[in-house]
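Structure, as structure tokens:
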Amino acid sequence: MHGRSDLFGSQPPLLYPPYRSTTRRAPSRPLIRLPESLSDLHMPVYGWWPIGETDNDLTRQHPEEPQGQRITVAGRVVDEDARAVSGALIEIWQANAAGRYRHAKDAHPAPLDPNFTGGGRTVTDADGRYEFTTIKPGAYPWRNHDNAWRPAHIHFSLFGSTFRTRLVTQMYFPDDPLFPYDPILQSIPDERARHRLVSRFDLELTRPECALGFSFDIVLRGHDATPFEGRV
Amino acid sequence: MTGDTALIATPSQTVGPFFHHGLVPHADPMADRFPGGERIRLLVRVTDGDSQPVSDALVEVWQRGVFGRMPTREDGTCEFETVRPGTIPDERVESQAPHISVCLFARGLLRQLHTRIYFAGDPALAEDAALGTVPEERRGTLLASPDPTRPGHWVFDVHLQGERETVFFDV
Ligand SMILES: [Fe+2]
């Protein structure tokens, strides 16, 4: 049986054998549905980490600028009824322009960039809006299958207004030729839902002589009343 | 986006193995938020279907509005310094036994997993509404056990698969 979180076809299954790591990590027994009255826990009452001045600008965290194409990524966080989610903590992390993470276990033989760490955070404003400045990450190889490459992506983490709306996801760039070969993106059954993860090139966001703009809106879970078929 | 039609929620994707610069630890002792409670060290240990330690998981815990999170180490464990739920002097009694909520992320998990840590031996366990939804033979997977060699230390095992697979909730 499908549980509440895959009811809408918008969520990937836990077991998706083309993504090999799921086979020994996905629980094999069905999730047990918690009554909503028990699961609707509120967010921490003590607030989040203090947000630093350069936390949402990944190009200004070192003495010099990182290598790569400077970009702005901005959008709105809303719930399933299109209401703004304000005060949501957004954290991001990504590879550098060459497709390498600053991480001890990343063995991809591409250069590290001394001027790029690849982590950022911000909080949405009253209208649910956020904005990051960063560089476009490179695609990178992984060992999932023969000649496997991840499409360029930025990892996103969001804390909405309750425990149930916690979301970790990935943002992709338009028209990436790697999409059909990527089991992580393809694990999402519905094409419209997959499309939610692809940012849109946005000339309005693009800053002259400075940075290309990509817009990426995020829809957090709100309620479970509407079946997937009725959604847009 | 109008108010009449519900939107498709943004799908979840795995945290992958390299989240450490984005999802930084929140390691301040949670115990400091609960003066007067019984201080404990809570060790969470995550293993996969081959009983191997999961060394690239992220464990988030929530206890009465207080948040903590830690990545697992090479041996699949991480540790929190908190108080035993139910021992805070003015803690109000609910229809639930004292517990800590857990949200687990890892490479190989396309979505987060939710579970709960209860404390073995707590007389309130029998009355707990969430435990009541769990088949009796699996309830034990939600109990932290006291470490017999170290007073004040508790251990909670998360088995992603296998005979003792932990109960995960659809919240
Ligand atoms: Fe990645």
Side-chain angles (χ1 to χ4, degrees), chain A residues 3-5 8 10-14 16 19 21-22 24-29 31-35 38-39 41-42 44-46 78 80-82 91-93 101-103 105-106 117-119 155 157 163-164 166-170 184 187-188 192-193 196-197 218-221 226 230-232, chain B residues 1-3 5-24 26 33 48-50 52 54 56 58 60 62 64-67 95-96 101 103 105-114 116 129-130 133-135 138 159-162 165-171:
Chain A
R4 190 184 287 151
S5 38
F8 305 136
S10 71
Q11 299 298 327
L14 284 165
Y16 187 71
Y19 175 24
S21 309
T22 65
R24 303 314 280 153
R25 292 188 168 192
S28 59
R29 302 181 206 210
L31 305 182
I32 291 180
R33 186 170 175 153
L34 264 193
L38 298 180
S39 65
L41 297 176
H42 288 277
V45 292
Y46 293 104
V78 297
E80 290 166 314
D81 294 318
E91 297 164 287
I92 64 169
W93 65 104
Y101 285 90
R102 183 172 289 282
H103 192 284
K105 287 185 183 169
D106 185 356
T117 302
H155 295 266
S157 159
F163 191 32
R164 294 181 56 223
R166 182 86 180 85
L167 174 70
V168 170
T169 189
Q170 302 182 22
I184 292 181
S187 68
I188 301 158
R192 294 174 305 155
R196 275 261 181 275
L197 298 185
I218 296 162
V219 181
L220 298 182
R221 286 172 64 190
T226 312
R231 292 176 181 241
V232 293
Chain B
M1 293 186 178
T2 69
T5 322
L7 303 172
I8 295 172
T10 300
S12 169
Q13 296 268 267
T14 179
V15 287
F18 304 134
F19 54 78
H20 302 72
H21 280 299
L23 303 176
V24 295
H26 201 262
R33 299 289 188 190
D48 68 11
D50 297 319
Q52 292 304 302
V54 175
D56 52 10
L58 180 75
E60 291 185 348
W62 312 71
R64 299 188 75 233
V66 175
F67 174 69
S95 69
Q96 301 191 55
S101 294
C103 192
F105 302 89
R107 170 178 65 82
L109 291 181
L110 285 160
R111 309 194 309 252
Q112 69 231 32
L113 295 175
H114 294 276
R116 288 177 164 209
T133 67
V134 176
R138 298 192 67 202
H159 300 285
L160 293 175
Q161 293 179 355
E165 182 178 308
T166 300
V167 166
F168 298 104
F169 293 105
D170 189 8
V171 300

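It should be emphasised that the depicted structure is a prediction, and the values quoted were computed from it without experimental measurement. Here is how names work: the chains are called A, B, and so on, in the same order as the sequence lines, proteins then strands, and each is numbered from 1.
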Can you check whether [X] reaches [Y] side chain to side chain, under 4.5 Å on heavy atoms?
{"X": "B:Pro135", "Y": "A:Ile32", "value": "yes"}
{"X": "B:His114", "Y": "A:Arg164", "value": "no"}
{"X": "A:Leu220", "Y": "B:Thr10", "value": "no"}
{"X": "A:Leu34", "Y": "B:Arg116", "value": "yes"}

### Query
When heavy-atom pairs shorter than 4.5 Å are enumerated against chain B, which of A:Lys105, A:Gln170, A:Arg29 gives the highest number?
A:Arg29

May I ask you to name which of [options] has the most heavy-atom pairs under 4.5 Å with chain A?
{"options": "B:Thr133, B:Leu109, B:Leu110", "value": "B:Leu110"}
{"options": "B:Asp56, B:Leu160, B:Val54, B:Val24", "value": "B:Leu160"}
{"options": "B:Ala129, B:Gly22, B:Gly162", "value": "B:Gly22"}

Just by modelled atom types, is the [Y] backbone N or O under 3.5 Å from a matching donor or acceptor in the [X] side chain?
{"X": "B:Arg111", "Y": "A:Pro12", "result": "yes"}
{"X": "A:Arg196", "Y": "B:Ile8", "result": "yes"}
{"X": "B:Gln13", "Y": "A:Ile184", "result": "yes"}
{"X": "A:Ser10", "Y": "B:Pro11", "result": "no"}

Distance-minimising heavy-atom pair for [X] and [Y]:
{"X": "B:Ser12", "Y": "A:Gln11", "result": "N-OE1, 2.9 Å"}
{"X": "B:Ala9", "Y": "A:Arg221", "result": "CB-CG, 4.3 Å"}
{"X": "A:Ser28", "Y": "B:Glu165", "result": "OG-OE1, 2.7 Å"}
{"X": "B:Arg107", "Y": "A:Ser21", "result": "NH1-OG, 3.0 Å"}

### Query
Side chain, backbone, both or neither: which part of A:Thr22 has an atom under 4.5 Å from a heavy atom of chain B?
both

### Query
Checking heavy atoms, do the side chain of A:Ile188, its backbone, both or neither come under 4.5 Å from chain B?
side chain

Less than 4.5 Å to any heavy atom of chain A: does that hold for the side chain of [X], its backbone, both, or neither?
{"X": "B:Val167", "result": "side chain"}
{"X": "B:Phe105", "result": "side chain"}
{"X": "B:Glu60", "result": "side chain"}
{"X": "B:His159", "result": "neither"}

### Message
Apply side chain to side chain contact (heavy atoms under 4.5 Å, CB included) to residues B:Thr14 and A:Tyr19 and explain how you reach the verdict.
### Response
CA-CA 11 Å; B:Thr14 179; A:Tyr19 175 24; 3.6 Å; yes

### Task
Would you give the length of the straight line joining atom CG of A:Leu14 to atom CD of B:Gln112, rounded to the nearest 0.5 angstrom?
10.0 Å

### Query
Who are the ring pair (Phe, Tyr, Trp, His ring centres under 6.0 Å) partners of A:His155, not counting sequence neighbours?
A:Trp93, A:His153

### Message
Please enumerate all residues that pass salt bridge (Lys or Arg N to Asp or Glu O under 4.0 Å) together with A:Glu91, with sequence neighbours excluded.
### Response
B:Arg69

### Query
Between B:Asp48 and A:Arg24, is there a salt bridge with N-O shorter than 4.0 Å?
no

